[in-house]
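In what follows, a structure is listed as C-alpha cells, so that the remarks can point back to it.
Letters A, B, ... mirror the listed sequences (proteins, then strands); counts begin at 1.
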2 protein chains.
Amino acid sequence: MKLSANEEYGLRCLVRLGYAGENGSITIPEMSQAEGVSAANTAKILRALRKGGFVKAARGKEGGYTLARPAGDIVIAEVMECLGGRLFESSFCDSHGGRTGICTRSVDCSVRSLWRAVQVAVDHVLSKTTLRDLLQNEEEMNSWVRTIPGPNGMRLLQ
Amino acid sequence: MKLSANEEYGLRCLVRLGYAGENGSITIPEMSQAEGVSAANTAKILRALRKGGFVKAARGKEGGYTLARPAGDIVIAEVMECLGGRLFESSFCDSHGGRTGICTRSVDCSVRSLWRAVQVAVDHVLSKTTLRDLLQNEEEMNSWVRTIPGPNGMRLLQ
DNA sequence: AGTAATCTTGACTAGAAAGTACAGATTAGG
DNA sequence: CCTAATCTGTACTTTCTAGTCAAGATTACT
Ligand code: FES
Ligand code: FES
C-alpha cells in the first residue's frame with residue numbers, strides 16, 4: 001500500500017498544467033525540465049493522462065499538452081485510478097487466493113471487509129478533491145482538506 | 001496505491017492465528033495448507049510478522065507460531081506498516097524528486113498536502129481496528145467498520 | 001515542398017517485488 | 001545421543017513495474 005511513482009509524477013504534471021491555465025500549453029521538454037523527470041518518462045506519463053481523458057495533446061510545432069477540461073471538473077479520484085489503479089478491486093481476492101485460487105474464507109471474509117473500508121476512506125478524500133483544489137498553496141490546501149465532510153455532513157478530519 | 005501480496009497474505013495468516021487462540025499454535029506447513037500459499041512463502045511472511053513483534057515462534061518439534069499478544073492489542077495499522085510500509089512517508093518526496101532530487105515545489109506543495117490527507121484517512125480506519133475486530137464474520141465486521149468515529153466523534157462511514 | 005518542433009507507438013532494459021530453495025540451528029522425545 | 005519436526009537466514013529465480021530508446025506521424029512556418 002504505497003504511492004507509486006506514476007501517481008506522484010502524474011499528479012504533479014497535472015498540477016503544472018493547471019497552473020498554466022485552460023489555454024496554456026506545456027511541451028514534454030518543458031514539463032521534463034520543470035519537474036526534473038526524464039523526457040521519455042514524462043512522455044509516458046502524459047500519454048497515460050491523455051488516454052484517461054484528463055489532458056489533450058496537440059502535435060507538431062507549437063504543440064503541447066493542455067487540460068482537457070476545467071480544473072474544477074477533474075476529480076482526483078479518477079486521476080489516481082488512471083495513474084495507479086485502485087487500492088482494492090474486486091479482482092484482488094481472486095488473484096491472491098494462493099494455490100487454491102481463492103481465499104479459503106471467500107464466502108465470508110472479514111479481511112475483505114476491512115479492505116473495502118479502507119478503500120471507502122480513501123475515495124472519500126479523493127472523490128471530493130478536484131484539480132482546482134490542488135492549485136492552491138499548501139497551507140490553503142491543508143485548510144481545505146479539513147473541511148471535507150463525511151456522508152453524514154460531519155467533518156472527516158479535525 | 002495498491003494492496004500488496006504481503007499485506008493480504010500476512011493479514012490472513014494473522015487472522016488464522018487469532019482464530020487459533022492465545023495458546024493455539026500453527027506450524028508453517030499447516031498455515032501453508034490452510035491459506036493455499038507455498039510453505040516457503042508462508043515462512044517468509046510469518047518471519048516478517050515475528051520481526052514486527054506480532055507473533056512469536058517456537059522452534060523444534062512441537063514448535064509453531066502463536067500470537068505474541070492478545071488479539072485486542074494488535075493494531076492493524078501497525079501490522080500493515082510492518083507488511084507493506086506506509087502509503088506516504090516523509091521520505092517519499094525526497095526519493096521522487098526526479099533528477100533535481102526534490103519536488104520543485106517542495107517548500108510549498110499542495111500535492112504533498114493531499115497525500116498526507118489520504119494517509120490520515122487510511123490511518124483513521126486502520127488504527128482503530130484490532131485483530132480482535134477481524135475475528136468476526138464479514139457481516140459483523142461490516143457493521144463494526146461503520147461505527148468507526150471521526151476525531152470529532154461522528155461516524156466516518158455511513 | 002522543406003524543415004524543425006512536437007507528440008505517438010511499440011519494443012527494449014533496468015530495477016524492485018514476489019516467490020523459491022537449501023543448508024543450518026533448535027527442540028522434543030525416545 | 002539420535003532422529004524427526006520445526007523455525008532461520010541467505011541467496012537465488014521469476015515476475016511485474018518503472019524507465020529508456022528509436023523510428024514514425026503530425027503540424028506550423030517559410
Ligand atoms: S476474500 Fe480476499 S482475503 Fe478473503
Ligand atoms: S513535495 Fe512531494 S510532490 Fe511536492
Side-chain angles (χ1 to χ4, degrees), chain A residues 1-13 17 20 24-33 35-52 54-68 82-85 91-92 95-101, chain B residues 1-13 17 20 24-33 35-52 54-68 82-85 91-92 95-99:
Chain A
M1 197 160 65
K2 286 180 173 304
L3 287 171
S4 74
N6 255 0
E7 289 163 336
E8 165 86 359
Y9 294 146
L11 203 45
R12 271 159 51 178
C13 286
L17 283 170
S25 171
I26 299 182
T27 68
I28 289 172
E30 284 167 354
M31 183 68 83
S32 164
Q33 173 76 25
E35 289 296 343
V37 175
S38 79
N41 206 10
T42 304
K44 193 174 199 175
I45 291 164
L46 285 171
R47 189 178 352 144
L49 287 172
R50 174 175 57 82
K51 285 186 178 165
F54 304 107
V55 305
K56 55 188 175 190
R59 295 218 264 189
K61 198 165 181 179
E62 304 295 304
Y65 284 91
T66 312
L67 289 187
C82 164
L83 292 169
S91 65
F92 185 81
S95 58
H96 288 81
R99 280 178 183 153
T100 60
Chain B
M1 195 159 67
K2 286 180 174 303
L3 287 170
S4 74
N6 254 359
E7 288 164 337
E8 165 86 359
Y9 295 146
L11 204 44
R12 271 157 52 177
C13 286
L17 282 170
S25 170
I26 299 182
T27 67
I28 288 172
E30 284 166 355
M31 183 67 81
S32 163
Q33 173 76 22
E35 289 295 344
V37 176
S38 80
N41 206 9
T42 304
K44 192 177 200 175
I45 292 164
L46 285 172
R47 189 171 358 134
L49 287 172
R50 173 176 56 82
K51 285 185 178 168
F54 304 107
V55 306
K56 55 190 175 189
R59 296 217 263 189
K61 199 166 180 175
E62 306 295 304
Y65 284 91
T66 313
L67 288 188
C82 165
L83 292 168
S91 67
F92 184 81
S95 60
H96 288 81
R99 282 180 182 154

* Structure fact -> Between the CD atom in A:E35 and the CD atom in A:E8, the distance rounded to the nearest 0.5 Å is 8.5 Å
* Structure fact -> Contacts of B:E30 meeting side chain to side chain contact (heavy atoms under 4.5 Å, CB included) (sequence neighbours excluded), chain-then-number -> B:I26, B:T27
* To do: For the helix from C:dA1-D:dT30 to C:dG30-D:dC1, figure out the bend between the end axes, five pairs an end, and round to 10 degrees.
  => 10°
* To do: Quick one: closest heavy-atom pair of B:C82 and B:A48, and the distance?
  => SG-O, 3.4 Å
* If you look at every strand shown and take non-hydrogen atoms under 4.0 Å, does B:R50 touch a base, only sugar-phosphate, or nothing? -> sugar-phosphate
* Who passes side chain to side chain contact (heavy atoms under 4.5 Å, CB included) against B:A5, sequence neighbours left out? -> A:H96, B:Y9
* Contact letters for nucleotides 14-19 of chain C, in which S counts primed atoms plus P, OP1 and OP2 and B counts the base, heavy atoms under 4.0 Å -> ----SB
* Between A:L46 and A:C13, does a side chain to side chain contact (heavy atoms under 4.5 Å, CB included) hold up when you go through it step by step? -> CA-CA 8 Å; A:L46 285 171; A:C13 286; 4.2 Å; yes
* Structure fact -> Of the listed D:dT20, C:dT6, D:dT6, the closest approach to the A:T27 side chain comes from C:dT6
* Roughly how far apart are B:I28 CD1 and B:N41 CG, rounded to 0.5 Å? -> 11.0 Å
* Structure fact -> Rounded to whole Å, the NZ-P distance (B:K56 to C:dT27) equals 15 Å
* Taking side chain as C-beta onward, heavy atoms only, is A:M1 less than 4.5 Å from B:K2? -> no
* **Test item: A:S25 and A:T66 side chains (from C-beta on) under 4.5 Å apart, heavy atoms** => yes
Protein-nucleotides 23-29 of chain D N/O pairs under 3.5 Å:
residue	atom	partner	partner atom	Å
D:dT26	O2	A:G60	N	3.3
D:dT27	O2	A:K61	N	2.9

* Can you measure from NZ (B:K44) to CG (B:N6) and round to the nearest 0.5 angstrom? => 7.5 Å
Between side-chain atoms of residues 54-61 of chain B and protein atoms elsewhere (two or more places apart, or another chain), which donor-acceptor pairs fall under 3.5 Å?
none

* Select from B:R47 and B:P29 the residue whose nearest nucleotide in DNA chain D is closer to the 5' end of that strand. => B:P29
* Rounded interatomic separation in angstrom, taking CG from B:L46 and P from D:dT6 -> 14 Å
* Is any side-chain heavy atom of B:L49 closer than 4.5 Å to a side-chain heavy atom of B:L17? -> no
* **Nearest-nucleotide comparison on DNA chain C, the residue closer to the 5′ end among A:K51 and A:G63** => A:G63
